[in-house]
Amino acid sequence: MDILVPLLQLLVLLLTLPLHLMALLGCWQPLCKSYFPYLMAVLTPKSNRKMESKKRELFSQIKGLTGASGKVALLELGCGTGANFQFYPPGCRVTCLDPNPHFEKFLTKSMAENRHLQYERFVVAPGEDMRQLADGSMDVVVCTLVLCSVQSPRKVLQEVRRVLRPGGVLFFWEHVAEPYGSWAFMWQQVFEPTWKHIGDGCCLTRETWKDLENAQFSEIQMERQPPPLKWLPVGPHIMGKAVK
């Protein structure tokens, strides 16, 4: 199986050679940043329909995490199109953060459709460097399908802990690697070099549960879910919360 992986990677690379050449020349990334929000606008509603009951169960816990203001200060990390807004309880003060400014018009649409929330601002920044947000300023951080594409999950989780108040909670939902040695994991390895370009840096083989376990949260609750869209090469999902 280990011998097959580089051979199949080479085959996929040859089949997608124009994409890799554009990436090598620096032409692909700007194009990807522009089209990716449109792709997410198509895929996330389908994913939400599959995961609606689980998301409602997870995010219903936000209601009891109000801060001194009487409202929940919530940071959505890698907010994308705002697909999670519908699941948040009324009265949350939502700050959105994403490194891709092209998501803003999709966020504006989602905000207009979810008037039960109070919107603070849209911060264009990577999760590894959230210096625009003060220490201990958030009651809740939400991170869904984000840690697969950041440069350093470890640094992102350090920043999450910094901006959370004591007792604040990170809610997460992330796709992770298939079991090591399985055929499914082999195909993830084969597709990953190409998938990173298609998915704006998305890695298929990350063991994100290890990053969460090593991030020094005081408590972690985690459950494993099958992938909602089986026709994509993404693997199983982990869902849960981590308390600072």
Side-chain angles (χ1 to χ4, degrees), residues 16 19-20 22-48 51 55 74-88 92-114 117 119-133 138 140-160 162-163 170-176 191-204 206 208 211 228-229 232-234 237:
T16 57
L19 185 156
H20 289 276
M22 289 177 68
L24 186 64
L25 295 171
C27 305
W28 177 255
Q29 188 68 5
L31 180 63
C32 180
K33 291 292 184 186
S34 297
Y35 91 79
F36 194 66
Y38 292 92
L39 178 63
M40 290 297 97
V42 172
L43 292 179
T44 50
K46 296 178 181 180
S47 176
N48 270 347
M51 297 296 294
K55 279 195 171 185
L74 185 152
L75 169 65
E76 172 132 11
L77 180 61
C79 55
T81 61
N84 289 324
F85 291 171
Q86 61 183 296
F87 302 113
Y88 298 154
C92 289
R93 293 170 44 237
V94 180
T95 297
C96 302
L97 184 141
D98 202 288
N100 189 345
H102 296 289
F103 275 114
E104 187 164 14
K105 68 177 180 180
F106 295 93
L107 282 173
T108 301
K109 180 176 182 293
S110 293
M111 289 172 184
E113 294 170 350
N114 292 278
L117 304 175
Y119 300 99
E120 299 293 305
R121 56 177 173 154
F122 175 43
V123 179
V124 179
E128 292 90 344
D129 183 7
M130 298 191 283
R131 68 182 69 183
Q132 297 181 59
L133 304 176
M138 295 294 160
V140 168
V141 175
V142 173
C143 180
T144 61
L145 303 180
V146 172
L147 296 177
C148 59
S149 59
V150 299
Q151 292 293 319
S152 171
R154 180 183 61 83
K155 289 182 180 178
V156 172
L157 292 171
Q158 283 179 347
E159 280 288 86
V160 168
R162 179 183 66 78
V163 302
L170 165 68
F171 292 92
F172 58 88
W173 175 43
E174 298 288 338
H175 70 79
V176 296
F191 285 119
E192 186 166 79
T194 301
W195 185 257
K196 282 182 180 180
H197 295 310
I198 298 170
D200 196 16
C202 176
C203 298
L204 296 170
R206 281 196 174 159
T208 306
D211 296 307
L229 303 174
L232 290 177
V234 297
H237 288 55

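Owing to the predicted nature of the structure, the values given are computational and were not obtained by experimental measurement.
Leu157 contributes atom CG, which lies 7.0 Å from atom SG of Cys143 (distance to the nearest 0.5 angstrom). Summarising the geometry, atom CD belonging to Glu113 is positioned 9.0 Å from atom CD belonging to Gln86; distances are rounded to the nearest 0.5 Å. Taking CD of Gln158 as the start and CD of Glu128 as the end, the distance is 10.5 Å to the nearest 0.5 Å.
Taking the side-chain hydrogen bond (donor to acceptor under 3.5 Å, both in side chains) definition, one finds that Lys155 meets it with nothing, sequence neighbours left out. Looking at residues two or more places apart in sequence or on another chain, you find a salt bridge (charged side-chain N to carboxylate O under 4.0 Å, His left out) between Arg131 and Asp129. Partners of Trp195 according to the ring-ring contact (aromatic ring centres under 6.0 Å, His included) rule, which considers only residues two or more places apart in sequence or in another chain, do not exist here. Contacts of Arg162 classified as salt bridge (charged side-chain N to carboxylate O under 4.0 Å, His left out), with partners at least two apart in sequence or in another chain: Asp135, Glu159.
At least one side-chain heavy atom of Ile198 sits less than 4.5 Å from a side-chain heavy atom of Tyr35. Between Phe85 and Glu76, the closest side-chain pair of non-hydrogen atoms falls below 4.5 Å.
Heavy-atom neighbours of Gln151 CD from other residues, nucleotides or ligands within 6.0 Å: at or below the threshold of 12.
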_Chi angles and distances behind the side chain to side chain contact (heavy atoms under 4.5 Å, CB included) call for Leu117, Met111_ = CA-CA 8 Å; Leu117 304 175; Met111 289 172 184; over 6 Å; no
*asked:* What verdict does the side chain to side chain contact (heavy atoms under 4.5 Å, CB included) test give for Lys196 and Cys202, after you've listed the backbone C-alpha separation in whole Å, the side-chain angles of each residue and the deciding distance to 0.1 Å?
replied: CA-CA 5 Å; Lys196 282 182 180 180; Cys202 176; over 6 Å; no
*After noting the C-alpha distance and the side-chain angles of Phe172 and Val142, does the key distance pass the side chain to side chain contact (heavy atoms under 4.5 Å, CB included) rule?*
CA-CA 6 Å; Phe172 58 88; Val142 173; over 6 Å; no
_The test is side chain to side chain contact (heavy atoms under 4.5 Å, CB included); show your working for Met22 and Leu31 and say whether it passes._
CA-CA 10 Å; Met22 289 177 68; Leu31 180 63; 4.0 Å; yes
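Remark: the backbone N or O of Val146 is paired with a side-chain donor or acceptor of Ser149 at under 3.5 angstrom. Although no hydrogens or angles enter the test, the distance criterion places no donor-acceptor pair under 3.5 Å between the side chain of Thr95 and the main chain of Leu75. At distances below 3.5 Å, at least one donor-acceptor pair connects side-chain atoms of Arg206 with backbone N or O atoms of Leu147.
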Side-chain atoms of residues 39-47: list all donor-acceptor pairs with protein atoms under 3.5 Å, sequence neighbours left out, distances to 0.1 Å.
unit_1	atom_1	unit_2	atom_2	d
Thr44	OG1	Met40	O	2.6

Let me check something: any side-chain donor-acceptor pairs from residues 97-106 under 3.5 Å, sequence neighbours excluded? List them with distances.
unit_1	atom_1	unit_2	atom_2	d
Asp98	OD1	Asn100	N	2.9
Asp98	OD2	Cys79	N	3.4
Asp98	OD2	Gly80	N	3.1
Asn100	OD1	His102	N	3.0
Asn100	ND2	Lys33	O	2.9
Lys105	NZ	Tyr38	OH	2.4

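Contact detail for Leu74 and Cys92: the closest heavy-atom pair is CD1-SG, 4.3 Å. Scanning both residues, Glu192 and Leu204, for their nearest heavy atoms gives OE2-N, 2.7 Å. Here the closest heavy-atom approach between residue Pro30 and residue Cys27 is recorded as CD-O, 3.5 Å. For Cys203 against His175, the heavy-atom pair with the smallest separation is O-CE1, 3.4 Å. In this structure, Thr194 and His20 approach most closely via the heavy-atom pair OG1-NE2, 3.0 Å. Minimum interatomic distance between Leu107 and Gly82 (heavy atoms only, all atoms of both residues): CD2-N, 3.7 Å.
Not less than 6.0 angstrom separates the ring centroid of Phe171 from the ring centroid of Phe87.
Side-chain contact annotation: Asn84 with Thr144, donor-acceptor N/O pair under 3.5 Å present.
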